[in-house]
Amino acid sequence: MIRFPSHGFAAALPLVAALALAAVPAQAQQGRAGVLVDRVVLSEVLETTPVLAQVVATVESSVATRTAGVVDTVSFRVGDRVEAGAELVRLDVDLILIRQRTARAALDAAQAGIEVAEARVRLATQAFRRQSQLRGSTAFSRGQFEDLEEQAAQARAELGLAQAEVGRAEAELASAEYDLRNATILAPFAGVVTERLAQPGAYIALGQAVATLIDTASLEIEVDLPVKLVPAIEEGMALSARAEETDIFEATVRSLLPVEDVSTRTRPVRLSADFAQMRDVRLAAGKSLVLDVPISRARSVVTVSKDALVQSRGGWSVFTVEDGIANPRRIEIGMSSGSRVEVRSGLLPGDVVVVRGNERLRPGQPVAPTMVETPDGASDPAETASVSREQG
């Protein structure tokens with residue numbers, strides 16, 4: 001089936017026809033039949049085939065805990081919509097608070113140990129310096145000098161140990177504060193909860209999931225495209241998409257993934273779309289859609305308004321108008337959609353055909369033609385159309 005974009009053109013045609021015919025009574029009274037005419041045009045036709053696709057979530061997460069503990073409260077239910085930063089689960093923090101107090105006490109003790117060690121270093125260094133100043137005198141003692149040197153080195157080592165103990169105590173305190181901070185598990189992004197994996201009183205291990213969250217604002221379309229259709233697909237290309245409950249809407253090719261399934265001979269393609277166009281659809285990840293995927297490059301075909309067609313015993317014909325005279329012409333038609341139909345033979349672009357009043361015309365009859373004017377906002381009939389073929 002060919003689909004020619006109309007944007008209101010076909011719907012507005014009867015009104016345009018009525019107004020145009022009403023405007024030519026004087027000419028009709030002079031023996032000429034008042035008729036509405038249209039031109040035969042070339043239309044770019046893109047041949048397509050329907051392919052099953054589905055809505056997928058680009059952001060879906062099993063929200064995990066960053067600390068272990070017993071669940072105190074769960075603040076959500078399956079199906080709840082949550083905002084980014086909303087509380088999902090709160091763990092019992094009594095043990096964490098004890099660890100925090102213990103770490104703070106150990107840090108205080110370690111910092112005090114540094115002060116003691118620094119004092120010892122100062123005393124040992126002073127004694128060693130005084131003994132060094134006696135070098136060369138009768139009061140100088142080699143053994144005492146070496147003992148003081150050893151004591152100064154030992155004092156510096158004790159200072160290093162005290163500093164390391166401060167670092168260990170700081171790490172313990174930071175770990176306790178990290179666990180305390182993450183005992184409340186928050187939603188990492190806005191979305192809908194699709195699975196609840198935590199219950200009050202249950203023990204949660206580090207890294208264990210508490211909920212599955214899906215971001216419904218970041219949905220897109222995925223289709224496994226047969227490889228024979230890949231050459232006609234380009235990034236940025238607009239394709240027609242539809243669901244059972246909605247009208248046709250536009251989806252744009254975002255990425256043709258460089259992965260091919262050897263068993264199905266398909267490649268995944270991701271498309272973005274404004275899902276607000278799907279007015280009557282309750283959108284969900286996994287929902288099936290149908291995409292009209294190009295089979296080949298666009299081609300030009302001759303098209304005529306369906307209103308120009310007159311069916312007779314021998315087939316289809318139209319009334320062409322030349323020099324104010326209407327004459328029938330036999331034509332062969334092809335695929336059609338909307339307000340226009342493909343003409344395989346019998347007409348050329350630029351030919352003028354009757355689209356209103358043709359049912360009462362006689363061969364060679366004089367006519368007063370009025371050309372169809374495209375209403376404001378309507379599309380040119382020569383725009384690119386699409387041909388849809390069922391896969392067989």
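A quick note: this is a predicted structure, and the numbers were derived from the prediction, not measured. The basis for the numbers below is simple: all heavy atoms, side chains too, and nothing from hydrogens, waters or symmetry mates.
In summary, Glu220 and Arg254 engage in a salt bridge, as defined by a charged side-chain N under 4.0 Å from a carboxylate O. Contact check on Arg39 versus Asp351 returns no salt bridge, with no Lys/Arg side-chain nitrogen under 4.0 Å from an Asp/Glu carboxylate oxygen.
Put simply, the side chain of Val82 reaches to within 4.5 Å of the side chain of Leu213, judged on heavy atoms. Taking 4.5 Å as the limit, every side-chain heavy atom of Leu219 sits out of range of all side-chain heavy atoms of Lys287. Here the side chains of Ser61 and Phe189 are in contact, with some heavy-atom distance below 4.5 Å. Taking the side chain as every heavy atom from C-beta outward, Glu250 and Ser240 never approach each other to under 4.5 Å. Counting only heavy atoms from C-beta outward, the side chains of Met371 and Val352 approach each other to under 4.5 Å. Inter-residue side-chain proximity for Val89 and Thr73 is flagged as unmet; no heavy-atom pair is nearer than 4.5 Å. When side chains are defined from C-beta on, Ser339 does not count as touching Lys306, because their heavy atoms never get closer than 4.5 Å. In this structure the side chain of Val70 never reaches within 4.5 angstrom of the side chain of Leu91, judged on heavy atoms.
No donor-acceptor pair closer than 3.5 Å links the side chain of Ser288 to the backbone N or O of Gln54. Under the 3.5 Å distance criterion, the side-chain polar atoms of Arg340 are matched with a main-chain donor or acceptor of Thr303. A side-chain donor-acceptor contact under 3.5 Å links Asp92 to the backbone of Asp94. Counting only distance, with no hydrogens or angles, the side chain of Asn182 and the backbone of Tyr178 share a donor-acceptor pair below 3.5 Å. Remark: side-chain polar atoms of Gln365 are paired, donor with acceptor, to backbone N or O of Arg362 under 3.5 angstrom. No donor-acceptor pair under 3.5 Å is formed between the side chain of Arg270 and the backbone N or O of Leu256. Counting only distance, with no hydrogens or angles, the side chain of Arg267 and the backbone of Leu257 share a donor-acceptor pair below 3.5 Å. Between the side chain of Thr102 and the backbone N or O of Ile98 there is at least one donor-acceptor pair closer than 3.5 Å. Arg32 contributes no side-chain N or O that, together with a main-chain N or O of Gly34, makes up a donor-acceptor pair within less than 3.5 Å.
In plain terms, the two heavy atoms of Gln311 and Trp316 that are nearest each other are CB-CZ3, 3.5 Å. When all heavy atoms of Asp179 and Arg66 are compared, the closest pair comes out as OD1-O, 4.4 Å. Across Val193 and Arg77, no two heavy atoms sit closer than the pair CB-O, 3.8 Å.
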For this session: Please test Glu177 against Arg104 for salt bridge (Lys or Arg N to Asp or Glu O under 4.0 Å), starting from the C-alpha separation and ending with a verdict.
Result: CA-CA 10 Å; Glu177 291 178 341; Arg104 282 177 176 169; 3.7 Å; yes
For this session: Begin from the C-alpha positions of Arg330 and Ser345 and carry the test side-chain hydrogen bond (donor to acceptor under 3.5 Å, both in side chains) through to its verdict.
Result: CA-CA 9 Å; Arg330 187 67 57 83; Ser345 65; over 6 Å; no
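Placement of Val93 and Val74 in two distinct hydrophobic clusters is found when ILVMFWY residues are connected by side-chain heavy-atom separations under 4.5 Å, directly or transitively. Hydrophobic clustering of Ile, Leu, Val, Met, Phe, Trp and Tyr side chains at less than 4.5 Å, counting indirect connections, unites Ile233 with Ile221. Val71 and Ile96 fall into different hydrophobic clusters, where Ile, Leu, Val, Met, Phe, Trp and Tyr side chains are chained together by heavy-atom contacts under 4.5 Å.
A donor-acceptor pair shorter than 3.5 Å cannot be found between the side chains of Ser317 and Arg329.
Just one of Val37, Val40, Leu347, Ile325 meets the side-chain contact (heavy atoms from CB on, under 4.5 Å) condition when paired with Thr320; it is Leu347.
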